[in-house]
Visitor: 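Quick one: this structure, given as structure tokens, is what I'll be asking you about.
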Amino acid sequence: MENDGTILKVKDLQTYFFTEAGVVRAVDGVSFEMKKGETMGLVGETGSGKTVATYSVMRIVPRPGKIVGGLVYFDGDEILRKSEDEMRRLRGRAMAMIFQDPNSSLNPVFSIEEQLTDIILTHDGGTTKEKAKDTVVKLLGKVGMPEPETRVRWYPHQFSGGMRQRIAIARALLLSPSLLFADEPTTNLDVTIQAQVLELLKSIRSETGASMVLITHDMGLVADLTNRVTVLYAGRVAESADTLTIFRKPLHPYTLALLKAVPRVDEKVQLEAIPGNVPNLIYPPGGCRFHPRCKYATDICKEKVPPLEEVHPGHSTACHHWSEL
């Protein structure tokens with residue numbers, strides 16, 4: 001594949017979890033792409049496949065999950081066929097993730113200095129511990145850590161939730177990756193800290209020029225931080241377009257339902273809950289997976305899977321009735 005300015009291209013990605021209850025089709029034919037320097041929102045309810053899709057790109061899908069099909073091109077290079085050693089060299093240096101819960105991703109028995117300097121030393125055998133520590137201290141200061149020279153010796157439990165999230169962001173930025181995944185980066189934080197983390201992500205984007213995938217169900221966060229959106233539902237792509245188009249003219253009932261569930265300060269309208277629940281992905285509904293919850297559904301929606309097609313330049317949707325919205 002020629003490198004045409006596309007940093008990430010995912011084609012028909014399939015990741016299943018082989019459980020005792022059955023095969024969970026968590027990601028079932030997902031396709032999307034993003035350009036260098038772009039920030040893309042990967043949006044959907046819990047269980048839509050957002051996190052599993054990004055774990056698949058990084059090849060860190062937990063057991064009993066397995067990537068069973070598809071192609072992933074990173075900077076023009078197909079990476080699903082790479083060895084695990086090759087992927088270890090890519091993770092951290094070329095692509096990195098800010099995990100959703102820093103409480104579980106930071107090791108409680110090692111200091112922040114030990115954990116972060118170890119990443120640098122693992123990827124750069126030519127540096128020294130002192131140089132690695134200096135890099136860590138500078139980066140902690142950059143993400144807003146007070147007195148980083150002292151606090152770098154602290155352990156995770158000694159920090160507040162907001163500070164642990166800043167440490168997680170600093171860890172992801174240690175090796176200046178060109179692609180950054182941010183998995184629900186403001187979840188479980190109070191409103192003030194959420195605003196601070198959001199501003200931090202904006203400054204990172206402008207200063208580093210890194211491409212970013214924001215994994216979230218928060219449409220307000222999407223509006224503020226992204227320039228492209230891919231909407232997932234039950235393991236498949238429902239819609240993909242630039243952010244302004246998604247908010248002004250959504251062409252999938254699920255996207256429309258997500259937007260109607262978000263409060264707005266410029267309009268006094270009653271919020272609408274999305275009826276029903278995300279389907280069981282061991283036994284997903286036939287046809288369009290959203291049809292049991294969709295007020296536009298007809299017989300064709302129950303019988304035929306709608307293809308993801310580009311209906312306007314740069315705007316794709318998987319809906320039989322997109323022209324009626």
Visitor: With the 4.5 Å side-chain cut-off for hydrophobic clustering, are L308 and V305 part of the same group?
Guide: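 Result: no, two separate clusters.
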Visitor: Are L116 and V143 linked, directly or through other ILVMFWY residues, by side chains that come within less than 4.5 angstrom of each other?
Guide: yes
Visitor: Check whether K50 reaches the backbone of E45 with its side chain - one donor and one acceptor, N or O, closer than 3.5 Å.
Guide: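 Yes, K50 side chain to E45 backbone: donor-acceptor pair under 3.5 Å.
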Visitor: Should D77 and K82 count as an ion pair when the cut-off is N to O under 4.0 Å?
Guide: yes
Visitor: Please walk me through it: do E84 and R91 pass salt bridge (charged side-chain N to carboxylate O under 4.0 Å, His left out)?
Guide: CA-CA 10 Å; E84 184 54 32; R91 295 187 205 111; 3.0 Å; yes
Visitor: In chain order, what residues pass the ring-ring contact (aromatic ring centres under 6.0 Å, His included) check against F290, with sequence neighbours excluded?
Guide: Y233, Y254
Visitor: Ion pair present between D28 and R236, side-chain N to carboxylate O less than 4.0 angstrom?
Guide: yes
Visitor: Regarding E114 and S111, do their side chains bring together a donor and an acceptor under 3.5 Å, going by distance alone?
Guide: yes
Visitor: Heavy-atom distance under 4.5 Å between the side chains of M145 and F159, does that happen here?
Guide: yes
Visitor: Less than 3.5 Å apart, which donor and acceptor atoms pair up between the side chains of residues 129-142 and the rest of the protein, not counting sequence neighbours?
Guide:
| from | atom 1 | to | atom 2 | distance (Å) |
| --- | --- | --- | --- | --- |
| T135 | OG1 | K131 | O | 3.1 |
| K142 | NZ | E207 | OE1 | 3.4 |

Visitor: Applying side chain to side chain donor-acceptor pair (under 3.5 Å) as the test, list every pair that has at least one member in residues 308-317; sequence neighbours left out.
Guide: E239-H315
Visitor: Return yes if some donor-acceptor pair links the side-chain N/O of R166 with the main-chain N/O of L200 below 3.5 Å, else return no.
Guide: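 No, the answer is negative, given that no donor and acceptor are paired below the 3.5 Å cut-off.
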Visitor: Can you name the nearest heavy-atom pair linking F18 to V23, along with the distance?
Guide: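 Minimum heavy-atom contact is CD2-CG2, 3.7 Å.
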Visitor: Without hydrogens or angle criteria, can the side chains of T39 and T226 be said to hold a donor-acceptor pair below 3.5 Å?
Guide: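 Their side chains do not contain a donor-acceptor pair, so the 3.5 Å distance test is not met.
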Visitor: With rounding to the nearest 0.5 angstrom, report the NE2 to NE2 distance, H321 to H291.
Guide: 11.0 Å
Visitor: Once you round to the nearest 0.5 Å, how far does NZ of K249 lie from OG1 of T255?
Guide: 12.0 Å
Visitor: Ignoring hydrogens and angles, state whether a donor on the side chain of K35 or T6 is under 3.5 Å from an acceptor on the partner side chain.
Guide: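 Result is yes, a qualifying pair exists.
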Visitor: Which value, rounded to the nearest 0.5 Å, describes the distance between H320 atom NE2 and D299 atom CG?
Guide: 11.0 Å
Visitor: I'd like to know if K202 and E199 make a salt bridge, using a cut-off of under 4.0 Å between side-chain N and carboxylate O.
Guide: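 So K202 pairs with E199 through a salt bridge.
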Visitor: Quick one: does R171's side chain have a donor or acceptor within less than 3.5 Å of a partner on I98's backbone?
Guide: no
